[in-house]
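One structure is given here, and the rest of the page talks about it.
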2 protein chains.
Amino acid sequence: MNRAPGNPPGQEPRWLTAEEQHVWRSYIQASTLLEDHLDRQLQRDAGMPHVYYGLLVKLGESPRRRLRMTELARYAKITRSRLSHAVARLEKNGWVRREDCPSDKRGQFAVLTDEGYEVLARTAPGHVDAVRQAVFDRLTPEQQKSLGEIMRIVAEGLEPGGTGADLPWLR
Amino acid sequence: MNRAPGNPPGQEPRWLTAEEQHVWRSYIQASTLLEDHLDRQLQRDAGMPHVYYGLLVKLGESPRRRLRMTELARYAKITRSRLSHAVARLEKNGWVRREDCPSDKRGQFAVLTDEGYEVLARTAPGHVDAVRQAVFDRLTPEQQKSLGEIMRIVAEGLEPGGTGADLPWLR
DNA sequence: GACAGCTCCTTGAACGTTAAACAAAACCGG
DNA sequence: CCGGTTTTGTTTAACGTTCAAGGAGCTGTC
């Protein structure tokens, strides 16, 4: 509730144009609907929200099906705190197990269990289908490519570690 | 945890190609980072999450600064339950007020208060700035246009009321 | 080798979201 | 106008997320 940053008092903000507003609205609506849709789909078929599913996928792709907590959090773009809670829940389900890191006594590995792997194997096809139906089946190859480029740019701009500005001398 | 739908047992699912996977990953990462970023920005500057802010915006744009609960929920793409909770909170802040609907005794209007309007006026420039910096300043006009089209298509496909498939005879 | 500062991860409390169940009013068909 | 159905909005409890704080181990410096 402080002053909005980036707008020195007395300066007219650069509002979005009508076109930009439409784009932004479409983005918000689509991303909201899509995330909701996938959350419901996975909650129903796999018993977990989309983010949790993504964690299992990431673990499944990793060597020895394990990843340090911080690394997993970084991949999934979530906070370590959130990951801690999430892994606690997945552990209760028997889908993930924690293991101590031998080389760093602070460290923990999250390890995908066999049971976790099976949930993944059983539910992945349905999830891929959902993604296909909601996104890829509706877009031309050009649009798919374009979407990838656009989202990569946006992600890079927000990556922790990036400054958020193309102005290195400001940091 | 039931069988995944859309994949009759014994049929090989249509996995995503490598390109599709990259696109999807970029999308997930960007949308996660972006929503987090905006949530934090608004939590800090306006004392509410992004969704709540969107509700105030929508009310502010509406005639007499009011909207029926169901209509507001529909615009914001959230459930009525979620809206009930949200409005309860915004009401506590004094930013929204409820009013009975004269023509339908079940109905409620959510009304943006003067105080709510002021929060909006004070914080909108900062929010627009954040959106610009994260998205529009990084994309070419062609990419912006493309993003709009793509997201419109995805949103339409998920719109409650749409079947989610181009196969009307399946419903 | 000790101190300072940093990284890793967890915790608890406050907050937001979801799902299911519900009451009240409106609607609709006979 | 009666009875069933739908619509509207809320409620409760379980669950997920965030934020701030903190404990424990690592690391670099003098």
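Letters A, B, ... mirror the listed sequences (proteins, then strands); counts begin at 1. Model, not experiment: these values are computed from the prediction.
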Margin query: Does anything in residues 62-74 of chain B come within less than 4.0 Å of DNA chain D? Heavy atoms only, and list the residues if so.
Written below: B:R68, B:M69, B:T70

Item checked: side-chain hydrogen bond (donor to acceptor under 3.5 Å, both in side chains) partners of A:R65, counting only residues at least two apart -> none

Notebook entry, point to check: Does B:Q29 use its side chain to pair, donor to acceptor, with the backbone of A:K77 at less than 3.5 Å?
Noted result: no

Check: Looking only at heavy atoms, what is the nearest atom pair of B:L112 and B:G60, with distance?
Finding: CD2-CA, 3.7 Å

Item checked: Heavy-atom closest contact (A:L56 atom, A:L120 atom, distance) -> O-CD2, 3.5 Å

Notebook entry, point to check: Looking at A:A76 and B:T32, what are the two nearest heavy atoms and their distance?
Noted result: O-CG2, 4.3 Å

Check: Which residue, A:R98 or B:R89, contacts DNA chain C at a nucleotide closer to its 5' end, judged by nearest heavy atom?
Finding: A:R98

Protein-nucleic acid N or O pairs under 3.5 Å, nucleotides 22-25 of chain C:
unit_1, atom_1, unit_2, atom_2, d
C:dA25, N3, B:R106, NH1, 3.4

Notebook entry, point to check: Axis-to-axis angle across the helix from C:dG1-D:dC30 to C:dG30-D:dC1, five pairs an end, to 10 degrees?
Noted result: 30°

Next item on the list: Anything under 4.0 Å to a heavy atom of chain A counts; send over the first and last such nucleotide of DNA chain D, read 5' to 3'.
Entry: D:dG16 to D:dC26

Checklist line | A:D39 CG to C:dT17 C1', straight-line distance once rounded to whole Å | finding: 10 Å

Check: For the pair made of CE in B:M48 and P in C:dT17, what is the distance, rounded to whole Å?
Finding: 13 Å

Next item on the list: Could you tell me which residues satisfy side chain to side chain contact (heavy atoms under 4.5 Å, CB included) with B:L83, sequence neighbours excluded, listed by chain and number?
Entry: B:L55, B:M69, B:L72, B:A73, B:I78, B:V87

Notebook entry, point to check: Has the side chain of B:Q144 got a donor or acceptor atom that lies under 3.5 Å from a matching backbone atom of A:E20?
Noted result: no

Margin query: Under the rule for ring-ring contact (aromatic ring centres under 6.0 Å, His included), what residues qualify as partners of A:Y27, not counting sequence neighbours?
Written below: A:W24

Item checked: Residues from residues 79-88 of chain A lying under 4.0 Å of DNA chain C - heavy atoms -> A:R80, A:S81, A:S84, A:H85

Note to self: Quick check: closest heavy atoms across B:A130 and B:Q41, and the distance to 0.1 Å?
What the structure shows: CB-OE1, 3.8 Å

Check: Atom NE2 of A:H37 and atom C1' of C:dT18: how far apart are they, to the nearest Å?
Finding: 17 Å

Next item on the list: Report the distance from atom CG of A:D100 to atom P of C:dT10, rounded to the nearest whole Å.
Entry: 10 Å

Item checked: With sequence neighbours excluded, residues passing salt bridge (charged side-chain N to carboxylate O under 4.0 Å, His left out) with B:R74 -> none

Checklist line | side chain to side chain contact (heavy atoms under 4.5 Å, CB included) against A:F109, all qualifying residues, sequence neighbours excluded | finding: A:R66, A:R68, A:E99, A:C101, A:P102, A:V111

Note to self: Given 3.5 Å as the limit, does a donor-acceptor pair link the side chain of B:T113 with the main chain of B:W95, or not?
What the structure shows: yes

Item checked: Counterpart residues, salt bridge (charged side-chain N to carboxylate O under 4.0 Å, His left out), relative to B:R98 (two or more places apart) -> B:E91

Margin query: Donor-acceptor pair, distance only, cut-off 3.5 Å: does the side chain of A:D39 make one with the backbone of A:P49?
Written below: no

Notebook entry, point to check: What's the CD1-C1' distance between A:I78 and C:dC9, to the nearest Å?
Noted result: 13 Å

Next item on the list: Would you mind telling me which residue lines up with the more 5' stretch of DNA chain D, A:P102 or B:F109, judged by nearest nucleotide?
Entry: B:F109

Check: Is the side chain of B:S146 donor-acceptor paired with the backbone N or O of B:E142 at a distance under 3.5 Å, no angle test?
Finding: no

Note to self: If the condition is salt bridge (charged side-chain N to carboxylate O under 4.0 Å, His left out), which residues does B:R80 pass it with, not counting sequence neighbours?
What the structure shows: none

